[in-house]
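Input: a single structure, listed below in structure tokens.
Letters A, B, ... are given to chains in the order of the sequence lines, protein chains preceding strands, and every chain is numbered from 1. As the structure is a prediction and not an experimental result, all values here were calculated from the model.
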Amino acid sequence: MEMEKAYSPKDVEEKWLKEWAEKRLFHSMPDKAKKPFTIVIPPPNVTGSLHMGHALNNLLQDILIRYKTMTGYNACWVPGTDHGGIATQNVVEKLLKKEGKRKETLGRNKFIETMWQWRKETGDTILYQLRKLGCSCDWDRTSFTMDEKRCGAVNAAFVEFFNKGYIYRGERIVDWCPRCGTALNESEVEQENEKGHLWHIKYPVVNCPEEDCKNIFENYITVATTRPETMLGDTAVAVNPSDERYKKFIGKYAVLPLVNRIIPIIADEMVDPKFGTGAVKITPAHDRNDAETAIRHNLVFIHVIDKEAKITSHISLDLKRQPIIDKEKGAGHLVLEHLWSKDRYEARKILLDELKNKGFLEKEENYTLPITRCYRCDTATEPLVSRQWFLKMSELSAIAIESAKKRETVFFPESWYKPYILWLENLKDWCISRQIWWGHRIPLWYCMHCAGKDIQAVCCPDKKESIAPDQGKDDFSSSCSGTVDWMLNTMHLTPEYIKQNASITVENMSKDVKGVVASRHEPSKCPHCGKSDFLRDPDVLDTWFSSALWPMSVFGWPENNGDLNYYYPTDVLVTGHEILYLWVARMVMTGLYFKKEVPFKNVYIHGIVRDSHGKKMSKSLGNVIDPLTIMDKYGTDALRFALAYQSIPGRDMQISDENFIMARNFTNKIWNVSRFILMNLDDSDKDFVSKECELENIDKWILSELAAAIESANAAIDSYNPAEAARTLYEFIWAKYCDWYVEFSKVRMYGSDRKQRNTVLKIHLEVLENIIKLLHPIMPFITEEIYGYINKDNPGSILSCEYPRALSVKRNVPNQDTADVEKIIDIISAIRNIRSEMNIKPGETVEVYLRIADSCSEKTISGYAEYIKMLGKAESVKFIKEKDANPAHSASAVVGDAEIFIPLEGKIDFTAEKKRLEIKISKLEQEISGYLKKLENKNFMDKAIPEEVQRVKARYIEACGKKTKYANLIVNIGG
RNA sequence: GGGCGAUUAACUCAGCGGGAGAGUGCUUCCCUUACAAGGAAGAAGUCACAGGUUCAAAUCCUGUAUCGCCCACCA
């Protein structure tokens with residue numbers, strides 16, 4: 001048998017990846033005879049490339065799947081990818097840009113074609129990387145959030161929600177990315193603090209709207225703002241009602257500087273008197289808070305910044321709310337013609353100059369303010385009022401809360417339960433529409449004839465494809481715009497023509513509007529007029545909408561088939577906490593709504609992988625450790641083990657190269673100990689395995705240690721604690737098995753007794769097989785390989801083995817037997833300690849004298865003499881009696897009731913030895929006084945549990961005995 | 001402002017009511033026939049601080065400090 005001296009992961013991994021794939025080992029089908037264990041993957045984005053977060057997340061799932069497979073479940077892990085909405089669209093847009101193309105000129109259909117082409121070419125990259133990681137996914141079930149089945153699920157869900165009145169179109173302030181031209185939700189923006197300014201601006205005060213304001217600086221109120229450009233859209237100034245400074249102004253009016261529009265001064269609790277000047281300008285259309293204040297006070301919304309973040313050049317008022325300015329005068333900012341179409345920051349600069357020149361600017365102070373940026377392009381977002389589709393959440397969250405309180409899903413660690421509930425309780429309606437092209441197009445169809453009045457369309461006759469109205473404006477020279485109704489009836493365009501050439505926006509549509517049809521497919525005819533001229537809503541759905549359906553859709557929902565019935569609900573969802581709200585909560589809500597059952601019974605939330613300084617890994621920080629590089633450098637099993645080892649429940653983890661080196665060394669250790677056994681197995685008696693053999697205590701000891709490790713590993717994985725499992729196995733394999741048992745076993749292995757040799761090999765084989773089975777979920781490659789060597793006549797995957805249970809290796813072992821082994825270990829350690837401290841060369845042997853207190857114990861220990869000789873490098877082990885004199889010129893030690901002497905004539909420095917022993921005595925004295933304090937404490941003796949009292953007593957007696965022996969050794973040190 | 005977590009050896013972190021642990025690093029010695037990606041030995045800690053509960057606290061409770069994360073707000 002040929003095993004290389006060092007484990008080389010590359011060939012082994014390649015071999016087993018091929019093997020697993022060829023045998024379709026991870027494929028699962030419903031099987032009534034077996035219990036299913038199901039996980040659906042958190043689908044990585046198609047643009048994704050495997051990073052540490054993915055590696056950890058999928059590793060944890062893989063551990064569970066392999067473990068459950070080995071414990072007899074029909075385990076099924078469904079892989080797949082997410083189309084990724086805006087993120088993916090941006091990637092392709094950038095590629096197009098390199099070719100000098102824009103999506104607007106390409107048109108919607110062509111662009112989507114390009115997207116699909118791209119996804120076909122590169123979208124599965126991450127799935128291949130997951131295979132490389134060893135993930136035991138059922139690849140036959142690979143899904144994609146935009147494949148046919150999943151689209152069907154999305155449409156079905158939308159139609160159901162829409163028809164039941166859960167979906168409405170409304171106006172909200174949303175974060176708008178002026179670069180990407182779409183609304184963003186909280187997951188798509190990043191907040192950071194940025195240095196900026198707080199400008200104090202004087203607003204003159206008048207008593208009534210009609211009053212002429214002659215001397216503006218006599219009576220004024222100063223507002224503080226970080227965004228002076230939004231003042232064009234101010235419709236009030238607010239102060240706190242209890243603010244003594246401003247009480248006199250409440251109910252009066254302010255004159256908007258430069259614009260000269262008159263706005264009311266109102267009182268609102270939302271104003272913090274301590275911040276800034278205590279007076280706030282209210283810009284309802286461009287600030288979330290102001291919008292809420294405006295609604296409370298019935299203020300008008302004036303839009304002054306457009307979707308490209310430029311100052312608008314037209315009036316755009318929300319006249320549904322009572323305007324306090326008359327329509328004739330407009331929003332006021334129209335007088336500032338020079339600001340039209342200026343970028344927001346440019347406009348800010350101009351405005352500030354003018355305010356300063358005219359004496360309105362009171363002061364400018366430095367101020368750090370939070371900036372919200374688009375996570376894809378880093379552009380500062382603009383809070384804009386826009387029309388979006390919303391999913392009403394109150395009822396859905398209520399059922400989710402109820403379910404969580406009944407513990408229908410259980411969180412691991414449990415500490416996530418509370419934040420989860422809190423989030424659900426404060427849930428706002430979900431903005432589900434996005435103004436991009438890549439995604440699930442909203443399945444709403446508008447009848448041109450019935451709903452034509454409510455649809456604004458832009459027709460672009462030069463273009464074969466329709467284009468969005470807000471994008472590519474420059475190309476609109478020959479376009480016309482208006483309602484569809486107008487196009488049909490006044491312009492006499494044909495429905496077919498409009499369909500081909502128009503892009504549309506819709507007003508406040510709901511299911512109550514005539515001619516609006518939610519349908520999985522294009523409806524054949526309008527339920528109202530019977531005609532079949534439809535326009536489809538241009539928006540696409542938030543990418544999380546399809547993710548929310550994932551655990552159902554991967555099994556074919558809405559079709560009610562065998563897969564869905566067998567595998568749903570899934571057993572556990574494994575995810576990082578960063579998407580607990582965005583994704584987990586939404587899956588629960590849709591699952592409960594559509595299936596009346598939670599999508600998963602457990603949620604296993606793991607930490608986030610950080611760098612060695614605790615920073616989140618990100619490309620911009622340059623602190624990314626690429627798992628693929630690690631796999632290449634140290635092997636996939638090492639990567640997996642390192643991650644598992646660090647994955648402490650409830651904690652984020654810091655990883656660095658060190659962790660991987662440790663794991664790599666561990667794989668090598670496993671490899672070599674296997675090699676040691678297999679090498680010896682080669683020339684062993686063929687049928688030794690079936691032969692009865694008599695176990696030595698050492699064998700019993702390692703088997704009982706193994707049983708303990710097995711128990712602990714099982715419990716650890718069952719409780720989602722892979723780190724505990726990894727640490728247990730590491731400790732057992734290295735510190736117990738390799739360091740001691742393997743060394744002990746060499747006595748019999750290299751001895752001449754064939755039977756003895758076979759016995760020990762048999763134990764080795766048993767331990768080794770258990771070890772690799774135990775390790776397999778964490779380290780699949782090396783364990784398969786070793787398993788292959790062990791069973792070379794009978795090849796197969798270790799995955800079909802049963803995961804070890806403690807019972808299977810437990811023998812009836814008296815405690816005394818294993819305690820004896822522990823004692824031998826201590827004695828050998830003490831001998832080694834003396835050798836080392838007395839500078840005995842490793843090659844040099846010594847004579848060892850042992851004095852054991854009682855003869856029974858002496859008899860036992862003498863049975864281990866060969867082990868002491870071998871591991872302590874002793875030439876001989878002799879026993880002396882209580883009455884015998886201490887061997888002369890000896891270094892000595894006390895282990896329990898045993899005294900050890902190593903005669904070192906000519907080598908021993910008595911003062912050094914005396915000092916060594918004195919240190920031991922003083923340590924013992926400390927120990928003894930600690931015990932004594934307890935034993936003399938009446939409270940301790942009365943109240944402590946008896947076992948503890950016994951423990952302390954025993955330790956006290958042992959320490960006293962040792963101390964006496966050491967004291968005696970010092971007295972007799974000359975021999 | 002609300003919530004969560006952390007503070008243990010030089011570093012990275014386990015442990016979470018009864019003897020202070022691991023890996024790395026450090027010191028000394030060894031290429032001994034499974035493994036130098038290794039072996040043997042060793043030094044190294046008022047377990048952040050202050051109170052409390054308990055016979056007993058690194059561990060439970062309260063408070064303080066520092067750090068980190070999440071949510072909300074930030075004119």
Original post:
Which whole number of Å gives the distance between the P atom of B:U7 and that of B:G15?
Top reply: 9 Å
**OP:** Figure out the CD/C1' separation between A:E425 and B:C71, and round it to whole Å.
**Re:** 14 Å
**OP:** Sort out the partner of B:U7 for me: Watson-Crick or G-U wobble, both distances under 3.5 Å, none otherwise.
**Re:** B:A65
**OP:** Ignoring hydrogens and angles, state whether a donor on the side chain of A:H577 or A:D652 is under 3.5 Å from an acceptor on the partner side chain.
**Re:** yes
Original post:
At under 4.0 Å between heavy atoms, what does A:K746 touch on the DNA or RNA strands: base, sugar-phosphate, or nothing?
Top reply: base
Identify all pairs in which a protein N or O lies below 3.5 Å from an N or O of nucleotides 23-31 of chain B, and state each distance.
unit_1	atom_1	unit_2	atom_2	d
B:U24	O2'	A:E658	OE2	3.3

Original post:
Between B:A75 atom P and A:H200 atom NE2, what is the distance in whole Å?
Top reply: 13 Å
Subject >> Nearest-Å distance once atom P is located in both B:C60 and B:C4 >> reply: 15 Å
**OP:** Specify the separation, in whole Å, of atom CG of A:L424 and atom P of B:C71.
**Re:** 15 Å
Original post:
How would you label the contact of A:W199 with the nucleic acid (heavy atoms, under 4.0 Å): base, sugar-phosphate, or nothing?
Top reply: nothing
Using a cutoff of under 3.5 Å, can you pull out all pairs of nitrogen or oxygen atoms linking the protein to nucleotides 2-9 of chain B, with atom names and distances?
unit_1	atom_1	unit_2	atom_2	d
B:C4	OP1	A:K418	NZ	3.3

Original post:
Mind checking the C1' distance from B:G63 to B:A20? Whole angstroms is fine.
Top reply: 26 Å
Original post:
Expressed in angstrom and rounded to an integer, what is the separation of A:M941 atom CE from B:A56 atom C1'?
Top reply: 14 Å
**OP:** Give none if B:U27 has no partner; otherwise give the nucleotide forming a Watson-Crick or G-U wobble pair with it, both distances under 3.5 Å.
**Re:** B:A41
Subject >> B:G68 versus B:U54 - spacing of their P atoms, nearest Å >> reply: 37 Å
Original post:
Do the side-chain N or O atoms of A:N680 get closer than 4.0 angstrom to the phosphate oxygens (OP1, OP2) of B:A34?
Top reply: no
Original post:
Is A:F275 stacked on the base of B:A75, with ring centres under 5.5 Å apart and planes under 30° apart?
Top reply: yes
**OP:** Report the nucleotide, chosen from B:G18, B:C35, B:A37, that has the shortest atom-to-atom distance to any side-chain atom of A:R675.
**Re:** B:C35
Subject >> Integer-rounded Å distance: B:G38 C1' and A:E743 CD >> reply: 11 Å
**OP:** Starting from P on B:G39, measure out to CD1 on A:I831 and report it in whole angstrom.
**Re:** 20 Å
Subject >> Note, A:K923 side chain near A:K963 side chain (heavy atom, < 4.5 Å) >> reply: no
**OP:** Looking at every strand, decide which applies to A:D272 at a 4.0 Å heavy-atom threshold: base, sugar-phosphate, or nothing.
**Re:** base
Original post:
Is any N or O donor-acceptor pair between the side chain of A:R955 and the base of B:G19 shorter than 3.5 Å?
Top reply: yes
Original post:
Can we say A:R288 and A:D175 salt-bridge, meaning some charged N sits less than 4.0 Å from an Asp/Glu carboxylate O?
Top reply: yes
**OP:** Establish, yes or no, whether the cationic atom of A:K746 lies under 6.0 Å from the six-membered ring centre of A:F676 and within 45° of the ring axis.
**Re:** yes
**OP:** Please check if any side-chain donor atom of A:D657 sits under 3.5 Å from a side-chain acceptor atom of A:Y634, or the reverse.
**Re:** yes
Subject >> Given B:G19, B:G18, B:A34, the nucleotide with the shortest approach to the side chain of A:Y931 >> reply: B:G19
Original post:
Should the pair A:W740 and A:F744 be assigned to parallel (<30°), tilted (30 to 60°) or perpendicular (>60°) ring geometry?
Top reply: tilted
Original post:
When all nucleic acid strands are considered with a 4.0 Å heavy-atom cut-off, which category describes A:D942: base, sugar-phosphate, or nothing?
Top reply: nothing
Subject >> OP1 or OP2 of B:C13 under 4.0 Å from side-chain N/O of A:Q654 >> reply: yes
Subject >> Spacing of the C1' atoms in B:U64 and B:U28 (rounded, Å) >> reply: 45 Å
**OP:** Counting Watson-Crick and G-U wobble pairs only, both distances under 3.5 Å, name the nucleotide matched with B:A22, or none.
**Re:** B:U12
**OP:** Inspect the contact between A:K920 and A:E925 and indicate whether a charged nitrogen and a carboxylate oxygen are less than 4.0 angstrom apart.
**Re:** no
**OP:** For ring pair (Phe, Tyr, Trp, His ring centres under 6.0 Å), just list the numbers for A:Y417 and A:F412, CA-CA rounded to whole Å, side-chain angles, deciding distance to a tenth of an Å, and then say yes or no.
**Re:** CA-CA 9 Å; A:Y417 169 78; A:F412 294 88; over 10 Å; no
Subject >> Pairwise C1' distance for B:A37 and B:G23, with rounding to whole Å >> reply: 14 Å
Subject >> Span that lies between the C1' atom of B:G39 and that of B:C31, in whole angstrom >> reply: 10 Å
Original post:
Is the phosphate of B:A34, meaning OP1 or OP2, less than 4.0 Å from a side-chain N or O of A:Y750?
Top reply: yes
Subject >> Nucleotide B:A41, atom P - distance to CD1 of A:I834 in whole Å >> reply: 13 Å
Original post:
Between A:I648 (CD1) and B:C16 (C1'), how many Å, whole number?
Top reply: 13 Å
Subject >> Sugar-phosphate, base or nothing in reach of A:V742, heavy atoms under 4.0 Å >> reply: base
Subject >> Contact nearer the 5' end of RNA chain B, comparing A:N721 with A:T667 >> reply: A:N721
**OP:** Go through B:A37, B:A34, B:A75 for me and flag the one nearest to the A:N668 side chain.
**Re:** B:A37
Subject >> Candidates B:C69, B:C35, B:A75 - which lies nearest the side chain of A:K5 >> reply: B:C35
Original post:
Considering only B:A41, B:C55, B:A34, which nucleotide approaches the side chain of A:N833 most closely?
Top reply: B:A41
Original post:
Are A:K202 and A:Y220 in a cation-pi contact, defined as NZ or CZ under 6.0 Å from the six-membered ring centre and within 45° of the axis?
Top reply: yes
**OP:** From the options A:W671, A:F666, A:F781, select the one residue that forms a ring-ring contact (aromatic ring centres under 6.0 Å, His included) with A:Y7.
**Re:** A:W671
Subject >> Out of B:C69, B:A75, B:C55, whichever nucleotide has its closest atom nearest the side chain of A:V280 >> reply: B:A75
Original post:
For A:L580, which contact category applies under a 4.0 Å heavy-atom criterion: base, sugar-phosphate, or nothing?
Top reply: nothing
**OP:** Give the nucleotide from the list B:A34, B:A37, B:U32 with an atom nearest to the side chain of A:A6.
**Re:** B:A37
Original post:
Is any side-chain N of the basic residue among A:D632 and A:K10 closer than 4.0 Å to the acidic one's carboxylate O?
Top reply: yes
Original post:
With a non-hydrogen cut-off below 4.0 angstrom, is A:V223 in contact with a base, only sugar-phosphate, or nothing?
Top reply: nothing
**OP:** Return the 5'-most residue of the pair A:K923, A:R227 with respect to RNA chain B, ranking by each residue's nearest nucleotide.
**Re:** A:K923
Original post:
A:R727 side chain: which of B:A75, B:C35, B:C13 is closest?
Top reply: B:C13
Subject >> Polar side chain donor-acceptor pair, A:K281 to A:T230, under 3.5 angstrom >> reply: yes
**OP:** Please confirm whether A:Y420 and A:W416 have ring centers closer than 6.0 angstrom.
**Re:** no
